[in-house]
Every structure is written in structure tokens, then in C-alpha cells.
K.L.:
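Before I ask anything, here is the structure I am working with.
Note that ligands are numbered from 1 as they come in the structure, with each ligand's atoms numbered from 1 the same way. Residue numbers start at 1 and run along the sequence shown. Keep in mind that what you see is a predicted model, and the values were worked out from it rather than measured. What's counted below: heavy atoms across the whole structure, side chains too, no hydrogens, waters or symmetry copies.
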Amino acid sequence: MCTGLSYTTRDHYFGRNLDLEFSYNETVTITPRNFPFEFRKAAALATHHAIIGMATIADGYPLYYDATNEKGLSMAGLNFPENADYKPEAVDKTNITPFEFIPWILGQFETVDEVRAALLSLNLVKIDFSDTFPLSPLHWIISDRTTSITVESVKDGLRVYDNPVGVLTNNPTFDIQSFNLNNYMHLSRNPPETNFSDELEFDVYSRGMGAIGLPGDLSSASRFVKAAFTKMNSVSGDSESESISQFLQILGSVAQQRGCVEVSPGKYEITIYSSCCNTDKGVYYYTTYENSQVSGVDMHKEDLDGNALAAYPLVKGQQVHMQN
Ligand SMILES: C[C@H](CCC(=O)NCCS(=O)(=O)O)[C@H]1CC[C@H]2[C@@H]3CC[C@@H]4C[C@H](O)CC[C@]4(C)[C@H]3C[C@H](O)[C@]12C
């Protein structure tokens, strides 16, 4: 399971938790403007916006999980099993495979409004990257600094939802995830006031009681509510340090600790990495399960007019700052 997040202070920040029981050797990958992007069923992009994000590089191709382009548009793919339904090629549409979706969108567009227009004629075509990397069932959050949408290719077709929360987790479909928030409208950051009964006496015996009932389990429906509540009530300063700290704290509220979710005997899902990209500055920050120190890669320190990918292996293992 995973959680994606968009958050704006002075700058805009976008990132996600990747929750899984293994890793695909992902690296922080920068695609410069002249890396030739070829598509299985659509015209190639010889030049395009530069992109930074987390990717597995396979046969020289960046398979992005989440990324941001130099214009500040961002996108992340999250697991969507049973619901994702990719289509045969459609002659009257632009046919993009799910693994090409992030490069195709981030390569060309600057705003969510431009993306919405492009999605009208888009078909997510069912073509595997390779035998080693068959298609995964995904849905996507796409954000600029003011707006987020969720894109789901389901049996009925391509669905595009407004996402005013700026959060995405996994199943069920986004309409149901959003509707489910109604069940939590009584939650508050403030102490509760009771409507329970005039005949009983109630005591606000602890701070935080206004949000009793906020789910704390790791299911995707519960993480959606938890992350939404945490984000919508979030208060932070707007410096870079305060912003990325707060962003990672929000993701931390739905992080997975090894042992709490067994996916097969002896295999446990963990938050492999948490990312936070400053989309205005093109700096991709991340922590890993065992490295709580924030590492960063700045796309503007690379030759963005080049044609070769740059890949930074994740710094894993705790970096302890000894003080004596
Ligand atoms: C598994 C991950 C979601 C994490 C998650 O939700 N785990 C719960 C599993 S469970 O539902 O609880 O069992 C997702 C998120 C992004 C994905 C990559 C996207 C690029 C590329 C697309 C290609 O088409 C296939 C290979 C590819 C490298 C993808 C592999 C994998 O699919 C990634 C890592």
C-alpha cells in the first residue's frame, strides 16, 4: 500500500510513501530534456520537460513511481489491484501504456488543467513493459501547486476525479474513498462538545479527544482518512526546513512499521521510502525505512540539456549524528 500527498506552504511539495515488502532497486532518477522518450503507440518526444523522481531503470528506460517536472507538475502511481483495467488499443485515442504515463504527462504539461484536457483523448493501453516487468494495477494522483486530480482506468473507462484533499492511497475507487470522509465529519482538532445526553456528565480528560474515532489501522481506506485529517489540519511554517519536516510528519502518520502487516508468511510490508519533492525548486528529498536523515537530490545541479539519465542510489542505513 502507499500514500501520495500534495502540500503547499510558500513552495509546493509533492511526495509519497512507498509501502512494500521488497524493493525494485529504485533510484532517484533525473531525465534531462533531450533524453529521447519513445512510446509504444504514440509519437516520441525528442525534447521535453526535465523530470526528477523515483524510478527503476530497466533497459535504459526510467520506470517512474512518482516524479515532478521542471515546471512543477507532479504525478505518482499507487497500487490499485482488482480495479485497474487497462484497454486494447483505440484507434481514435492517444494510446499510452501505464508505464509511459508519467513520462508522457510530465514531459509535456505544466498544469493540471492542461492535463485534464489531454486526458479527454487518452487511452491507457494494456501493453507490458517486458516479461520481467508486466503491467502493475495502478491509479494516479496528479498535482500542481493549487490543484490535484485522481486518474483511474477502470472497467467503465478512464475516470478523472477532482481531489480537493490532495491525498491518494489505494482501494477502493476514489469516489468511494471521498464519500467515506462523510463518516468522519465530526472529527476535530478542538476539544469535543457533547450532544450525547443532558442527563450525563462528560469530562474532557485528555487532549486530542476531538479526533477520537480517527482510524489508526493501516488499511487503505483508513490511511486515506488519517492522512486527509492530518493534512487538512496541518499547520507549519513556510521555510524549507519547516515545510519538508511537516510534509514527512504527515506521511509518517500513515507509515507502516515492520510487523504490523503480514503479506505472506514471514513477509511484512514496510514504508520503504517517504519522498517529498519541492516542486518549485526541483529538489527531491527522501527518507528510507532505516535512514531517518533526509537526503536530497537537486535536479538543477545536473545538465538538464543532456540526453543521459542520472541515477542516485538511495542512502540506506541509519545516519546517526553522534554528539560526543
Ligand atoms: C508496488 C508499488 C505500489 C506499492 C504498493 O501499493 N504495494 C502494496 C502491494 S499490495 O497491494 O498490498 O499487495 C508500485 C508503485 C509504482 C510501481 C512501479 C511503477 C513503474 C513500473 C510500471 C511497470 O508497469 C511495472 C513495473 C514498475 C517498476 C512498477 C512496479 C510496482 O508496481 C510499483 C513500484
K.L.:
For atom 32 (O) of ligand 1, state which one of Ser130, Ser136, Pro81 supplies the nearest heavy atom.
P.N.:
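The nearest heavy atom belongs to Ser136.
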
K.L.:
What do we get for Ala58 next to ligand 1 when only non-hydrogen atoms under 4.0 Å count, side chain, backbone, both or neither?
P.N.:
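Near ligand 1, Ala58 shows nothing, with every heavy atom at 4.0 Å or more.
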
K.L.:
With a 6.0 Å cut-off on ring centres, are Phe202 and Phe196 close enough?
P.N.:
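Between Phe196 and Phe202, which both carry aromatic rings, the centre distance is below 6.0 Å.
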
K.L.:
Of Phe99, Phe22, Phe133, which has the heavy atom at the shortest distance from atom 26 (C) of ligand 1?
P.N.:
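Answer by nearest heavy atom: Phe133.
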
K.L.:
Can you check whether Tyr24 has an N/O within less than 3.5 Å of an N/O in ligand 1?
P.N.:
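There is no such contact.
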
K.L.:
Does the pair Arg116/Asp162 count as a salt bridge with the N-to-O cut at 4.0 Å?
P.N.:
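Answer for the salt bridge query: yes.
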
K.L.:
Is there any N or O on Tyr65 that sits under 3.5 Å from an N or O of ligand 1?
P.N.:
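Not met; the criterion fails.
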
K.L.:
Counting only heavy atoms closer than 4.0 Å, does ligand 1 sit against the backbone of Asn170, its side chain, both, or neither?
P.N.:
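For Asn170, the contact with ligand 1 is made by the side chain alone.
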
K.L.:
Compute whether any side-chain donor of one residue and acceptor of the other, for Tyr64 and Thr31, lie under 3.5 angstrom apart.
P.N.:
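On atom types as modelled, these side chains qualify, holding a pair under 3.5 Å.
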
K.L.:
Tell me which part of Phe129 gets within contact of ligand 1: side chain, backbone, both or neither, using heavy atoms under 4.0 Å.
P.N.:
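Phe129 to ligand 1: no contact under 4.0 Å from either part.
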
K.L.:
Under 4.0 Å from a heavy atom of Cys2: give me the atoms of ligand 1 that qualify, with their elements.
P.N.:
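Atoms satisfying the 4.0 Å criterion: 3 (C), 4 (C), 5 (C), 6 (O).
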
K.L.:
Going by heavy atoms, is Pro134 under 4.0 Å from ligand 1?
P.N.:
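Yes, Pro134 has heavy atoms under 4.0 Å from ligand 1.
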
K.L.:
Determine whether the side chain, the backbone, both or neither of Leu20 has a heavy atom under 4.0 Å from any heavy atom of ligand 1.
P.N.:
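The answer is the side chain.
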
K.L.:
Considering the options Thr68, Asp298, Ile52, which one meets the side-chain contact (heavy atoms from CB on, under 4.5 Å) requirement together with Val283?
P.N.:
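That would be Asp298.
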
K.L.:
Using a 4.0 Å cut-off to any heavy atom of Gly77, which atoms of ligand 1 qualify?
P.N.:
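Those qualifying, in numeric order: 15 (C), 16 (C).
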
K.L.:
Against heavy atoms of Asp19, which atoms of ligand 1 measure under 4.0 Å?
P.N.:
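Heavy-atom distances to Asp19 below 4.0 Å select 4 (C), 5 (C), 7 (N), 8 (C).
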
K.L.:
Under 3.5 Å, is there a donor on one side chain and an acceptor on the other for Asn163 and Thr150?
P.N.:
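The answer is yes; a qualifying pair exists.
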
K.L.:
Hydrophobic cluster membership, with links at side-chain heavy-atom distances under 4.5 Å among I/L/V/M/F/W/Y: are Leu218 and Ile250 in one?
P.N.:
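Cluster IDs for Leu218 and Ile250 differ.
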
K.L.:
Under 4.0 Å, heavy atoms only, figure out whether ligand 1 is touched by the backbone of Glu269, its side chain, both or neither.
P.N.:
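Answer for Glu269: side chain.
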
K.L.:
Examine Tyr64 against ligand 1 and note whether any of their N/O atoms are separated by less than 3.5 Å.
P.N.:
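No, since none of the N or O atoms of Tyr64 sits under 3.5 Å from an N or O of ligand 1.
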
K.L.:
Kindly assign one of parallel, tilted or perpendicular to the pair Phe99 and Phe129, based on the angle between their ring planes and the thresholds 30° and 60°.
P.N.:
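Perpendicular: the ring planes of Phe99 and Phe129 meet at over 60°.
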
K.L.:
Do Phe224 and Phe174 have ring centres separated by under 6.0 Å?
P.N.:
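When the ring centroids of Phe224 and Phe174 are compared, they turn out to be within the sub-6.0 Å range.
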
K.L.:
Going by the atom numbers of ligand 1, which of them fall below 4.0 Å from some non-hydrogen atom of Leu135?
P.N.:
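Counting atoms of ligand 1 from 1, those under 4.0 Å from Leu135 are 24 (O).
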
K.L.:
For Tyr273 and Tyr286, I'd like to know if the aromatic rings sit close, meaning centre-to-centre distance below 6.0 Å.
P.N.:
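Here the rings of Tyr286 and Tyr273 have centres that are no less than 6.0 Å from each other.
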
